[in-house]
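Each ligand, and each atom within it, is numbered from 1 in the order the structure gives. In what follows, residues are counted from 1 in the order of the sequence shown. In this text, all values refer to a predicted model and were calculated from it rather than measured experimentally.
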Amino acid sequence: PGTGPTSSTAAPTTGAPTSKPTTLPTTLTTSSTATATSTGGTATCPAIPGSFCASISALPDPFTFAGGSKVTTKDQWACRQAEISSLFQKYELGTYPPKPSTVSATYSGNTLSISVSTAGKSISFSVTINKPSGSGPFPAIINYGTAGASIPIPAGVATILFDNDGMAAQQDGSSRGKGKFYDLYGSSHSAGALTAWAWGVSRIVDALELTKAQTGIDTARIGVTGCSRNGKGALVAGALEPRIALTLPQESGAGGAGCWRIEAWQNANGYSVQDAKEIVGENVWFSPNFNSYVNNVNQLPFDHHMLAALVSPRPIYIMENPDYEWLGLLSTYGCMGAARKQYQALGALNNFGYSQVGGHSHCSFPSAQSAELSAYIGKFLLNNANAGTTNIFRTDQNLNFSIDTWSPWSVPTLS
Ligand code: MCU
């Protein structure tokens, strides 16, 4: 197979031709909404159209609203982020419920116990906090999975072990609607597992805010990590929960740092990479709503570079492993190459890292990424401004792939 589109003149030809747009049915809000902005004000955001032409073969332009107007300011970017989040929830992730009416927490031993109630139902879950010695306040990294992080966590940073599988099961396709999230919201709730886990992360942050004096955790310095399927989860948590200060997805691959369109194009050209069609049968990570789009991902008004748009300008360091084609060797590189342009527009390139390094097994952290990871954790969680370079975009592969062909839009400097 070839190694990707190299022409810089035309968008990749994959799926439906752009001349025959498909109209997506949608019930999105069609009136303009006010959104809080990073500068503390509110911007009046343009309405999301009731329907739109969405057959796009290149990665969609994050700097153009669904209604066609351009994003030129950081306040408008906040509006666009709200729009992108709505679109992801509607078509792919399922609804991310707001903070429930009651969240309470107690801390005893190393266990933070969290109880949540809404609409007459309640659930409880707990996380284990492994703290550094000494007195806080400490930054913390929430780790997906109770077995411990598969990235090295430096001394001085607490680790919070989250049983994400208990929140939403991910055994296989039969896990749909199983887990505490669905005990609370009902087994037919639209959220896929990635969204349910992100909701769990939000409740952990709520609980940490309630128990600051007991836990000693500084809730302004919380990171999230996970590997592989749990790396997809860490990315979605960073995207949906703005209180996450540092997002560290490890080998999230397709469905995480990879873009659906690049994977579809690859598989049409002789590669074998995980794609949307396969992923919805393998597990319940996404909303059932996504099933309608997996055979023509060009219909989606977004792709996964725009998951990183939701994280921006907050720091993110994406670790990928090129030794497994299935995990999106090209698709994470191309997708995150496009994602980086969003940080560029925000003047925040020091907050974006993508690093693709092979020579190790899946989820086993390579020492070649140690300095990069320590720079990210050092700068953004340990308040060490001199922790190292964080403007990172690198692969150890010799890839023949044109990021600009796949992201042909111009990049504004947002004022
Ligand atoms: C990279 O994450 C997944 C991948 O999406 C699946 O296709 C595969 O079965 O499992 C990977 C994983 O979670 O490995 C632990």
(request) If the plane angle is over 60° it's perpendicular, under 30° parallel, otherwise tilted; pick one for Y91 and Y293. (result) perpendicular
(request) Decide whether an N or O pair under 3.5 Å exists between E251 and ligand 1. (result) no
(message) Once side chain to side chain donor-acceptor pair (under 3.5 Å) is applied, what residue pairs with a partner in residues 322-333 remain, sequence neighbours excluded?
(response) E263-S331, Q266-E325, T332-Y354
Do any side-chain atoms of residues 111-131 form donor-acceptor pairs under 3.5 angstrom with protein atoms, and if so which ones, sequence neighbours left out?
from, atom 1, to, atom 2, distance (Å)
S115, OG, S124, OG, 3.1
K131, NZ, T215, O, 2.5

(request) Provide the number and element of each atom of ligand 1 under 4.0 Å from a heavy atom of K232. (result) 1 (C), 2 (O), 3 (C), 4 (C), 5 (O)
(request) Measure from NZ or CZ of R261 to the centre of the six-membered ring of W265, then state whether that distance is under 6.0 Å and the direction lies within 45° of the axis. (result) no
(request) Give the residue and atom name of whichever protein heavy atom lies nearest to atom 3 (C) of ligand 1, and the separation in Å to one decimal. (result) S228 OG, 3.3 Å
(request) Determine, considering heavy atoms only, which of R229, E282, H362 sits nearest to atom 6 (C) of ligand 1. (result) E282
(request) State the atoms of ligand 1, each with its element, that fall below the 4.0 Å cut-off from a heavy-atom position in L327. (result) 1 (C)
(request) Report yes if some heavy atom in the side chain of L329 is under 4.5 Å from a heavy atom in the side chain of Q356; otherwise report no. (result) yes
(request) If you have a sec, work out which protein heavy atom is nearest atom 5 (O) of ligand 1 and how many Å separate them, to one decimal? (result) Q274 OE1, 2.5 Å
(message) If I apply the N/O under 3.5 Å rule, does W326 come out as touching ligand 1?
(response) yes
(message) On a heavy-atom basis, which atom in E92 and which in W260 lie closest, and how many Å separate them?
(response) OE1-NE1, 2.9 Å
